[in-house]
Structure formats: structure tokens, C-alpha cells
Student: 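Got a structure for you, written out below as C-alpha cells; questions coming shortly.
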Number of protein chains: 2
Amino acid sequence: MSSVRTIAKNIGVSVATVSRALNGKPNVNETTRQAVLAEAERVGYTLRRNDSQSRVLALAYTWEPGRVDYGGFDAALMRGILQGINEHRFDVNILNIFRDKSPDESYTSFFRRKGVSGAILRTSSDTREVCHDIAAEGFPSIVIADRFDEPEVNFIGSESRVESRKAVEHLIHLGHRRIGIGVHQVRDTDHEDRRAGYIDAIKAAGMELDPALIADIVADMDGGANAVTYFLSLPDPPTAFYFTDPLATLGALHRCRALGLQLPRDLSLVGFDDSDVRQHAFPPFTAVCQDAVQLGFESARWLTRLLSGQTSGSLRRLVPTRFEINQTTAAPPNKAPSLDDSRNRG
Amino acid sequence: MSSVRTIAKNIGVSVATVSRALNGKPNVNETTRQAVLAEAERVGYTLRRNDSQSRVLALAYTWEPGRVDYGGFDAALMRGILQGINEHRFDVNILNIFRDKSPDESYTSFFRRKGVSGAILRTSSDTREVCHDIAAEGFPSIVIADRFDEPEVNFIGSESRVESRKAVEHLIHLGHRRIGIGVHQVRDTDHEDRRAGYIDAIKAAGMELDPALIADIVADMDGGANAVTYFLSLPDPPTAFYFTDPLATLGALHRCRALGLQLPRDLSLVGFDDSDVRQHAFPPFTAVCQDAVQLGFESARWLTRLLSGQTSGSLRRLVPTRFEINQTTAAPPNKAPSLDDSRNRG
DNA sequence: TACTCTTGGTGTAACTGTTTCGGTAGCGGT
DNA sequence: ACCGCTACCGAAACAGTTACACCAAGAGTA
């Protein structure tokens with residue numbers, strides 16, 4: 001019931017001015033523009049066009065473009081999305097809410113303006129509120145790799161706490177007593193899960209929880225590499241590590257090799273994997289594995305089915321991860337490795 | 001000058017009927033629909049809406065969705081695209097021409113209907129004609145990883161023939177005389193380049209070009225692994241390989257390890273890399289490297305600048321690849337490896 | 001046979017938002 | 001006082017879609 005014409009009538013301007021104001025065109029007085037935007041917000045204006053039939057999904061990033069690195073997780077996610085959209089022949093549009101949503105407009109209006117009818121949301125620890133607001137507006141959406149208490153927020157993610165605990169318990173079972181963890185310094189839900197799983201295992205085994213063995217790292221190869229050096233420089237260094245990120249795991253592997261350490265003879269290493277990276281590395285590393293392709297596929301399929309009227313209700317799902325033992329875990333050596341040892345050896 | 005109203009007038013129906021016919025809505029006689037579509041094609045009808053201002057790029061696949069695997073190359077490409085679109089705040093939409101373009105409509109009409117104003121085209125050996133047709137229509141587009149003689153087709157790709165020759169000459173210089181190549185069985189331009197570079201090097205060195213040493217493989221890990229087994233089962237097996245695909249290289253590495261062969265002591269291996277896979281493997285493999293991120297970035301930046309009026313003309317560019325020596329190439333062993341040797345050793 | 005009732009197909013008109021064109025008001029220069 | 005430029009805005013025409021009425025033809029029924 002609210003069109004550009006009602007807005008125009010309400011504040012006493014022409015539809016042309018309203019249209020120009022809403023689209024950021026030049027030649028409109030700033031005062032007038034603000035009045036139009038305010039009135040549009042008041043009456044809950046949304047662009048009404050043929051987009052009721054638009055069959056486009058958004059993969060929407062909630063943080064600034066400079067921080068969107070589109071790494072292995074996003075790539076695997078997209079791979080799944082591209083499979084999931086085919087059942088109902090949707091397209092997928094990559095959007096950036098942070099970059100493009102104007103503060104005045106609602107999320108629904110934003111997505112309508114972009115011509116998408118549903119959104120797969122990528123969130124981070126500091127943008128969870130955005131996801132909640134989108135769901136509260138009733139816009140069809142699903143959050144990837146996070147979870148929410150509010151029942152109106154749909155999400156699909158991985159449950160990695162239990163398998164992380166299993167991974168650390170595997171190390172304990174092998175005989176390790178000093179186990180370091182390198183976890184992403186940005187405290188999102190996934191990495192907090194893995195940290196919690198680590199703590200669960202340590203406490204359940206009655207072992208001491210040493211804060212020095214918990215390293216907040218940057219989740220890339222350098223971060224993993226530096227963590228290895230840090231751990232080995234401790235007075236009482238760990239004999240095993242758990243890294244909660246694929247790239248960090250690779251970096252740790254490389255640093256170990258550079259230090260002349262042989263896995264799993266001198267050190268044990270459990271990593272994390274989104275896709276097939278563990279199989280590309282050498283040795284193929286023992287890892288907690290989540291299937292990002294599956295997350296993309298299921299989210300896209302559910303959303304397209306929802307928008308096609310084939311289903312209703314919510315999707316709030318945690319897919320279990322899988323702990324996979326490969327070739328980087330074994331019993332600890334008689335003497336714990338240290339930086340000095342490795343230097344002498346190399 | 002051609003709108004739904006002119007079409008309606010030309011064939012004597014109402015605009016409503018034309019609109020319904022063009023959008024595949026029900027309640028329109030099949031004969032009438034065909035007449036509308038024919039007339040629309042005749043007058044070159046394209047949807048005229050706000051799309052003059054649409055700031056959306058397509059990443060368009062020209063082949064069927066089932067064959068779109070969205071592997072490492074596509075992921076790196078998208079990574080670059082997402083950087084390249086930010087300068088002019090474009091969005092990117094992933095389309096599938098094969099799936100969605102109706103036979104009656106022009107490519108321009110298709111892209112307009114999808115709401116994109118420019119297209120980055122992914123092609124394969126059997127869809128080059130599509131790219132040419134799109135360029136011939138004058139629609140702003142650029143083809144990734146291929147090249148064309150027709151001056152109206154824009155493209156950006158990698159030149160891998162010269163560096164492939166360099167790679168094989170590197171092996172020859174190390175003393176190898178029997179060198180196998182595993183090349184993608186689908187004969188697209190890129191892989192044909194690498195095949196040609198291999199032949200260049202062999203011929204320039206005055207060596208025999210043995211067809212048995214050229215293996216047409218599937219470009220995945222199994223393909224690479226099987227090629228190793230095939231090569232080593234030859235009566236006079238090669239002492240070095242060149243694989244023209246990252247996954248095939250990884251598969252070859254794994255198979256070598258599984259056979260108990262140590263690189264580069266027992267065998268030399270040159271691979272190909274799109275991104276950072278060579279650094280993830282062990283040993284980090286010597287490789288011809290192309291920067292897929294750069295291809296995505298430059299194509300997106302050029303296209304967005306073109307559409308923003310900041311530039312005109314064409315982009316027809318071949319980016320040189322780079323031959324990078326890592327740890328999988330050395331002088332050949334005294335005795336060529338064979339399957340029997342490896343089995344005994346293992 | 002005559003009378004509903006349904007349904008596929010169509011046109012009119014009203015709806016959506018955008019854009020062109022022209023006009024007004026204000027300001028500065030001569 | 002006059003001219004010219006520019007920012008701003010409205011009327012009207014443009015684009016395509018859709019709700020609604022209508023009509024013809026067929027099916028069913030008294």
C-alpha cells in the first residue's frame with residue numbers, strides 16, 4: 001500500500017523527486033532527500049516490482065569487503081551452493097551488506113533492491129546482530145556456521161566441540177600430557193567450540209589446564225608456524241598440538257619440517273579441515289573435518305525449497321564434524337622436543 | 001524503439017498478452033505465444049528497465065551445471081573478482097548460460113533479463129562459439145583463460161607454452177632423457193599450450209617424441225596417480241614427469257609415495273599450480289604457476305571500468321606464467337625406476 | 001433443449017518505478 | 001536591468017506487470 005506516490009503525497013513532493021531521492025540520484029536537495037528517506041522508512045517502503053518472481057539467492061557477507069578473504073571455506077561453501085540451487089534453477093548473487101546497505105533502509109528493502117529473494121548469510125563474531133535483525137524482519141535467510149538461541153533465526157553449522165574433545169582425548173590416550181592448542185584469535189562460535197572441546201578433554205582427564213598452552217593465533221599459515229615456534233620455546237613444551245584451522249595446520253606442518261622435526265615421531269599434530277587440504281599435505285594430517293560443501297548445499301536447497309513453497313518452517317541444524325585419524329599422531333617421544341634440539345638436529 | 005507495446009501492435013494483441021507470453025506465464029495460447037516470441041526476436045526486443053544503472057557483473061558458465069565443478073581455479077578466480085569489483089562497487093552474479101538461456105533469445109536479452117550489465121565468461125573447448133557470439137552482439141564481456149583471433153572478443157588468460165617448455169628444458173638440463181607428460185584429456189587451449197611447450201622442448205633438444213610418453217588423463221588426483229602407474233609400467237619408463245594440472249600433480253605425488261618412491265631422488269616431477277597448492281604439498285613441488293586470482297581481479301576491474309565509462313577499447317591479454325623450481329626436480333637416478341623396483345622397495 | 005457452471009484466453013485499465021523535458025528561483029557578473 | 005548559469009523540482013510520458021472483467025466454448029444437468 002506504500003508506493004513512491006504515497007510517499008510523494010505524504011510529504012508534498014512529486015514522485016520524480018521521491019524516485020531520485022531513493023536512488024541517490026543528483027539534483028535533489030539534501031533536506032528533501034532526508035525527508036523522503038525518513039517517510040519511506042516510516043511507512044515501510046519496499047521496492048515493488050516484478051521481483052516477486054525473482055529466483056535469485058544472495059550469498060551475503062556482513063563484514064567489510066577488505067576482510068572478505070574468500071578462502072577455502074568460502075570456496076567449498078560456494079561449491080555446495082552451486083549444486084543446491086539447481087533443483088529449482090536459482091541463481092546466486094554475492095552481496096556485501098556492510099558495503100551497500102544504506103543506514104536508512106531495512107534489510108528487506110536492501111535485498112529487494114538487489115533483486116534477491118533469499119539470503120545465505122556469512123557472519124562473524126561482531127555481526128551476529130545483523131543476522132538476527134534480518135530474521136526478525138521475516139526475510140527468508142539462513143546463517144552459515146553459527147547458531148542462535150532466537151527461534152526465528154535459521155542456521156546450519158558444524159558441531160565441532162564433541163569431535164574436538166575426541167581429538168584431544170585421542171592425543172591423551174596416546175600418552176601426551178602437554179598438549180597445545182592454536183585457536184583463531186577472533187572468537188567466533190566455531191572456534192570457541194573447538195577451544196571448549198579442548199578444555200573438556202583436558203579437564204575430564206584430570207590434567208592441568210595451562211593457559212600458556214592456549215595460543216590465540218591468526219588463522220593463516222604464518223599464525224600456525226609462529227605458534228609452533230612459540231610452543232617449542234616454552235620451558236616445558238607440549239608434545240602435541242591441536243590447530244583449529246586448516247591453513248594454520250599447514251603452517252604448523254611446514255614450520256615443524258623447517259625445524260627438522262619429523263611427524264609423528266617427534267611431535268603429534270591434529271588439525272582442522274574444511275575440504276580436502278589434509279589429503280594434500282604430507283603427511284596427511286589427522287584432523288577434525290567439517291564438510292563445508294554440505295553446508296552450502298543444504299542451505300541453498302532448503303532456501304530454494306522454502307521460496308518455491310515446497311516447505312515451510314525453520315532449519316536450525318548442527319551437522320556433526322568427523323574426527324579422522326591420519327599420519328600425524330602417535331605416542332610422544334621419550335624426550336619432549338625443543339627449539340634447541342631441532343636446531344641441533346637440523 | 002521496440003517495447004511490448006510495439007510488439008503488441010505489430011501482431012494485433014494486447015500488451016498484457018505480450019508480457020505474459022514473454023515471461024512464460026500461463027493462460028496464453030501456444031500459437032499466440034510463438035507469434036509473440038517470433039516478433040520479439042524479429043524486432044530485437046530487449047527488456048528495458050532500470051538496468052542501465054545495474055551494477056552487476058556475471059560470472060557466466062557456458063556449459064551444463066553438472067559439469068561445473070567449481071574447483072581451485074574457479075575459487076581463486078572468484079577471489080580475484082571479489083577484489084576487482086570493489087573499486088566501482090559492483091556485485092557479482094553466478095549464471096549458467098547453458099541452463100537458463102532459452103534458444104529463442106539473444107545473449108544480450110538473456111543477460112538483461114538476468115539484470116547484469118557485463119559478463120566474465122568461463123568457457124571450455126566446445127563452447128568457444130558462445131563467447132564469440134556474445135562478443136559479436138556487442139555485449140560487454142571478457143573470456144577467462146582462453147584466447148581468440150577475432151578482435152571483438154576480449155579475453156585474459158595465461159601463456160603457459162613458453163614456461164612449459166622451460167620446465168621440460170629444466171628437466172632435460174638435469175639429465176633426463178625420458179620425460180612423460182600427463183595432460184588433460186579435454187583439449188582446451190591452456191592444456192594444449194602446455195602440451196605444445198613440452199613438444200617444443202623435446203624437439204629442440206633433438207630428442208625422440210615418443211607418443212607413449214604423452215598420457216591423456218582426467219585432470220584429478222586419480223588421473224595423476226594412474227598416469228604414474230602407467231608410465232612406470234612402460235618397458236622403458238620415464239625418469240621425470242610433467243603434469244599440467246594441480247590436482248593431477250598431487251595425485252602423482254601421492255602415488256609415488258605409495259609406491260615407495262622418493263622425490264626427487266628416484267623421480268623428478270614438475271606440476272602445475274593455480275594458487276598455493278604447490279606449497280601445501282610435500283615436498284613443495286616444482287611447478288609452472290599461473291595466478292588465477294590475478295586473472296579474476298584484472299578481468300573484473302577492466303569490465304567495471306569499462307561499464308563505468310572510465311575506459312574503452314578492448315582487453316586482449318596473455319599473462320605470462322612463472323616456472324618455479326622447488327623440491328621435486330633433480331638429476332635422474334642411475335637406474336630408471338619401475339613398478340617392480342618400487343614394489344620390492346616398499 | 002435450455003440452463004448453469006467452469007475454464008482457457010484475452011483486453012482494459014490500473015498499478016509499479018524511472019526518466020525526459022521544461023520551468024522556476026536564486027545567484028553572480030556586466 | 002539584463003543575461004546566464006545552476007540547483008532543484010514537477011508534469012507527463014515512458015517502461016513492464018497484473019487485477020479484473022469479459023467472452024466463447026465446452027461440460028454437466030434438469
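Sequence lines set the chain letters: A, B, ... in the order given, protein chains first and strands last, and positions in each chain run from 1.
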Student: Nearest of C:dG17, C:dG11, D:dG16 to any side-chain atom of B:Tyr45?
Tutor: D:dG16

Student: Who passes salt bridge (charged side-chain N to carboxylate O under 4.0 Å, His left out) against A:Glu298, sequence neighbours left out?
Tutor: A:Arg317

Student: On DNA chain D, check which nucleotide each of B:Arg5 and A:Pro26 is closest to and give me the residue with the more 5' one.
Tutor: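 Its nucleotide being nearer the 5' end, the pick is A:Pro26.
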
Student: Tell me whether the side-chain N/O atoms of A:Thr17 come closer than 4.0 Å to OP1 or OP2 in D:dG10.
Tutor: yes

Student: Produce a footprint string for nucleotides 20-27 of chain D: one letter per nucleotide, 5' end first; B if the base is under 4.0 Å from any protein heavy atom, S if only the sugar-phosphate is, - if neither.
Tutor: --------

Student: Identify which nucleotide among D:dT18, D:dG16, D:dC9 has an atom closest to any side-chain atom of A:Asn29, counting heavy atoms from C-beta outward.
Tutor: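 Of D:dT18, D:dG16, D:dC9, D:dC9 is nearest to the side chain of A:Asn29.
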
Student: Can you confirm whether B:Tyr61 sits close enough to B:Arg99 that some side-chain heavy atom of one is under 4.5 Å from a side-chain heavy atom of the other?
Tutor: no

Student: Mind calculating the distance between NZ (A:Lys9) and P (C:dG17) to the nearest angstrom?
Tutor: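 From A:Lys9 NZ to C:dG17 P: 14 Å.
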
Student: So, using salt bridge (charged side-chain N to carboxylate O under 4.0 Å, His left out) as the criterion, who are the partners of A:Arg301 when residues are at least two apart?
Tutor: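 Listed in chain order: nothing, the list is empty.
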
Student: Side chains of B:Thr123 and B:Val130: does their closest heavy-atom pair fall under 4.5 Å?
Tutor: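 No, side chains not in contact.
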
Student: Any side-chain N or O of A:Ser19 under 4.0 Å from OP1/OP2 of C:dG17?
Tutor: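 The answer is no; no side-chain N or O of A:Ser19 sits under 4.0 Å from OP1 or OP2.
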
Student: From the options C:dA13, D:dA7, D:dG10, select the nucleotide whose nearest atom is closest to the side chain of A:Asn27.
Tutor: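 For A:Asn27, the side-chain atoms sit closest to D:dA7.
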
Student: Can you check whether A:Ser14 has a side-chain N or O nearer than 4.0 Å to OP1 or OP2 of D:dA11?
Tutor: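 No, no such contact exists.
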
Student: Among residues two or more places apart or on two chains, list those pairs meeting salt bridge (charged side-chain N to carboxylate O under 4.0 Å, His left out) that have a residue in residues 127-138 of chain A.
Tutor: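 Pairs touching residues 127-138 of chain A that pass the test: A:Arg128-A:Asp146.
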
Student: To the nearest Å, give me how far apart CD1 (B:Ile7) and C1' (D:dC14) are.
Tutor: 16 Å

Student: Can you pull out how bent the helix from C:dT1-D:dA30 to C:dT30-D:dA1 is, comparing the axes over its first five and last five pairs, to 10°?
Tutor: 30°

Student: Take A:Val15 and A:Val28, find for each the nucleotide of DNA chain D with the closest heavy atom, and name the residue whose nucleotide sits nearer the 5' end.
Tutor: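 This one resolves to A:Val28.
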
Student: Hey, is the side chain of A:Thr32 poking within less than 4.0 Å of OP1 or OP2 on D:dC9, counting only N and O atoms?
Tutor: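 Result: yes.
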
Student: Enumerate the ring-ring contact (aromatic ring centres under 6.0 Å, His included) contacts for residues 114-143 of chain A, please, sequence neighbours excluded, ordered by first and then second residue.
Tutor: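 Found A:Phe111-A:Phe139.
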
Student: With sequence neighbours excluded, give me every salt bridge (charged side-chain N to carboxylate O under 4.0 Å, His left out) pair touching residues 7-21 of chain B.
Tutor: none

Student: Please classify the nucleic acid contact of A:Val18 as base, sugar-phosphate, or nothing, using heavy-atom distances under 4.0 Å.
Tutor: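 Result for A:Val18 = nothing.
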
Student: B:Glu39: what forms a side chain to side chain donor-acceptor pair (under 3.5 Å) with it, not counting sequence neighbours?
Tutor: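 Applying side chain to side chain donor-acceptor pair (under 3.5 Å) to B:Glu39 gives B:Asn10, B:Arg42.
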
Student: Excluding sequence neighbours, so at least two apart, what forms salt bridge (charged side-chain N to carboxylate O under 4.0 Å, His left out) with A:Arg79?
Tutor: none

Student: Does C:dT19 have its OP1 or OP2 closer than 4.0 Å to a side-chain nitrogen or oxygen of A:Lys25?
Tutor: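 For A:Lys25, the contact criterion (side-chain N or O under 4.0 Å from OP1 or OP2 of C:dT19) is met.
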
